[in-house]
Amino acid sequence: MLAVGALTLAACSSGTSGGSTTNKSSGSGTTSAQKAETTALQAMETYPSFTAPGPALDAKKLPKSTPIVVIDNTPSVGPLQTTSAGVMSAAEAAGFSPKLLNGGANNTPSQDIDLLEQAVNLNPKVVVQVGIITALETAGLNYAKAHHVPVIAVDDNQPAAGQPGEGSGPLMSGTAADDYSGYGKVMAEYVASHGPKNATIGAITSNDIVPSNIIFDTFKSELKTLCPGCTIYTQNVDTADWTTQVTPTVTSLLDAHPGLNYLFPIVDGMAPLVSAGLTNASKSLS
């Protein structure tokens, strides 16, 4: 699952001051520090310049019939779907023969392993995995290695030049991902710039997703500096329990802390389940 810092405003209100979880700044107005954070956020909205990480690859020198399999862990998640579509489009533009394998709504590690084995059985030159937690599919990666099929991870871990699999481990041929620490920093800056200065945040984490830990640890570290008066309440839900536990976890967080200003699901794939929890909380508070 792609780990993206998706910050959701918990806008549930009972019509009383005690039940409100809307985002309203306290005090006399926007502070100079908040203005500075807003300026920093606006600067991030511009497209950065691209620097090639290595030598260029001349795709024209590769056989046009080169088979590539792209595995999309959860096609219902927008960022993963867009990434997979981009890989497919680029492969087709280069003249390759790409094939797309789609996962389900919320794939389990065993289902990801099955997808990888299906991909390997197609005898491709390479498999590109989008949004799959490689640390949980060792059996599938060993199967790929035994069949001499290289696997590249997309949106799995923080890229680390010079490390095995560029940070994804010795069973991987490489990795392609963003700077996950940047997600956590942006979320912290958002809270700090919008206030209030004593904001309370509910966070739902998934500790079994490697990048999510980077996002959340950076978020906590940055928020401690930018908003020392802010408080974070955390509940962890591992990926295997999302469908049964995310929605009630949201409800319990709001029941325990009805004045939450923000709700922070660490992974974008949680969003539909979080929305259901917000709806349930809204009904119970109305």
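What you see is a predicted model; the values in this text were computed from it and never measured.
Ring geometry for Y190 versus H194: interplanar angle under 30°, hence parallel rather than tilted (30 to 60°).
How far CZ of F219 is from OG1 of T205: 12.0 Å, rounded to the nearest 0.5 Å. A distance of 6.5 Å separates SG in C227 from CD1 in I201, rounded to the nearest 0.5 Å. Atom CZ of F264 and atom CG of L253 lie 13.5 Å apart (nearest 0.5 Å). Distance check: L223 CG to C230 SG gives 4.5 Å after rounding to the nearest 0.5 Å. Atoms CD1 and OG1, on I113 and T138 in that order, are 7.5 Å from each other to the nearest 0.5 Å. One finds the CD1 atom of I215 at 9.0 Å from the CE atom of M187 (value rounded to the nearest 0.5 Å).
Although no hydrogens or angles enter the test, the distance criterion places a donor-acceptor pair under 3.5 Å between the side chain of T218 and the main chain of I214. At distances below 3.5 Å, at least one donor-acceptor pair connects side-chain atoms of N121 with backbone N or O atoms of E117. In this structure, the side chain of T247 does not engage the main chain of T243 through any donor-acceptor pair within 3.5 Å. Under the 3.5 Å distance criterion, the side-chain polar atoms of S212 are matched with a main-chain donor or acceptor of S206. Looking only at distances, no side-chain donor or acceptor of D72 sits under 3.5 Å from a matching main-chain atom of S84. Although no hydrogens or angles enter the test, the distance criterion places a donor-acceptor pair under 3.5 Å between the side chain of N213 and the main chain of N207. Of the possible donor and acceptor atoms, none in the side chain of Q163 sits under 3.5 Å from a partner among the backbone N and O of A160. Side-chain N or O atoms of T249 include none that pairs as donor or acceptor with a backbone N or O of N236 at under 3.5 Å.
In this structure the side chain of I266 reaches within 4.5 angstrom of the side chain of M270, judged on heavy atoms. Contact of the V250 side chain with the L263 side chain is registered, since non-hydrogen atoms from C-beta on lie closer than 4.5 Å. Annotation: side chain of N261 is in contact with side chain of P196 (closest heavy-atom distance under 4.5 Å). Using a 4.5 Å heavy-atom cutoff, the side chains of I71 and V130 are not in contact. Annotation: side chain of Q129 is in contact with side chain of E137 (closest heavy-atom distance under 4.5 Å). The side-chain heavy atoms of L260 and Y262, taken from C-beta on, include no pair separated by under 4.5 Å. Using a 4.5 Å heavy-atom cutoff, the side chains of E92 and P98 are in contact. By the 4.5 Å heavy-atom criterion applied to side chains, L171 and V151 are not counted as neighbours.
Contact detail for S168 and A153: the closest heavy-atom pair is OG-CB, 3.6 Å. Closest heavy-atom contact between I68 and A91: CD1-CB, 4.3 Å.
By the side-chain contact (heavy atoms from CB on, under 4.5 Å) test, E166 pairs with T175, sequence neighbours left out. Residues satisfying the side-chain contact (heavy atoms from CB on, under 4.5 Å) test with N123, not counting sequence neighbours, are none. Annotation: side-chain contact (heavy atoms from CB on, under 4.5 Å) contacts of P272 (sequence neighbours excluded): none. When the side-chain contact (heavy atoms from CB on, under 4.5 Å) test is applied to V120, the partners found at least two apart in sequence or on another chain are L116, Y143, A144, H147, V149. The salt bridge (Lys or Arg N to Asp or Glu O under 4.0 Å) test applied to D217 returns K220, not counting sequence neighbours.
Screening V127, D114, V69 for a side chain to side chain contact (heavy atoms under 4.5 Å, CB included) with L101, the sole residue that qualifies is V69.
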Just do the side chain to side chain contact (heavy atoms under 4.5 Å, CB included) check on T108 and Q111 with the steps written out, would you? CA-CA 5 Å; T108 63; Q111 290 171 322; 3.3 Å; yes

Determine, step by step, whether D155 and T83 satisfy the side chain to side chain contact (heavy atoms under 4.5 Å, CB included) criterion, reporting the C-alpha distance in whole Å, the side-chain angles of both residues, the deciding distance to 0.1 Å, and the verdict. CA-CA 9 Å; D155 291 326; T83 300; 3.8 Å; yes

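For residues 113-132, the set of pairs meeting the ring pair (Phe, Tyr, Trp, His ring centres under 6.0 Å) definition, not counting sequence neighbours, is empty.
Looking at Q158 and D179, their side chains do bring a donor and an acceptor atom within 3.5 Å of each other.
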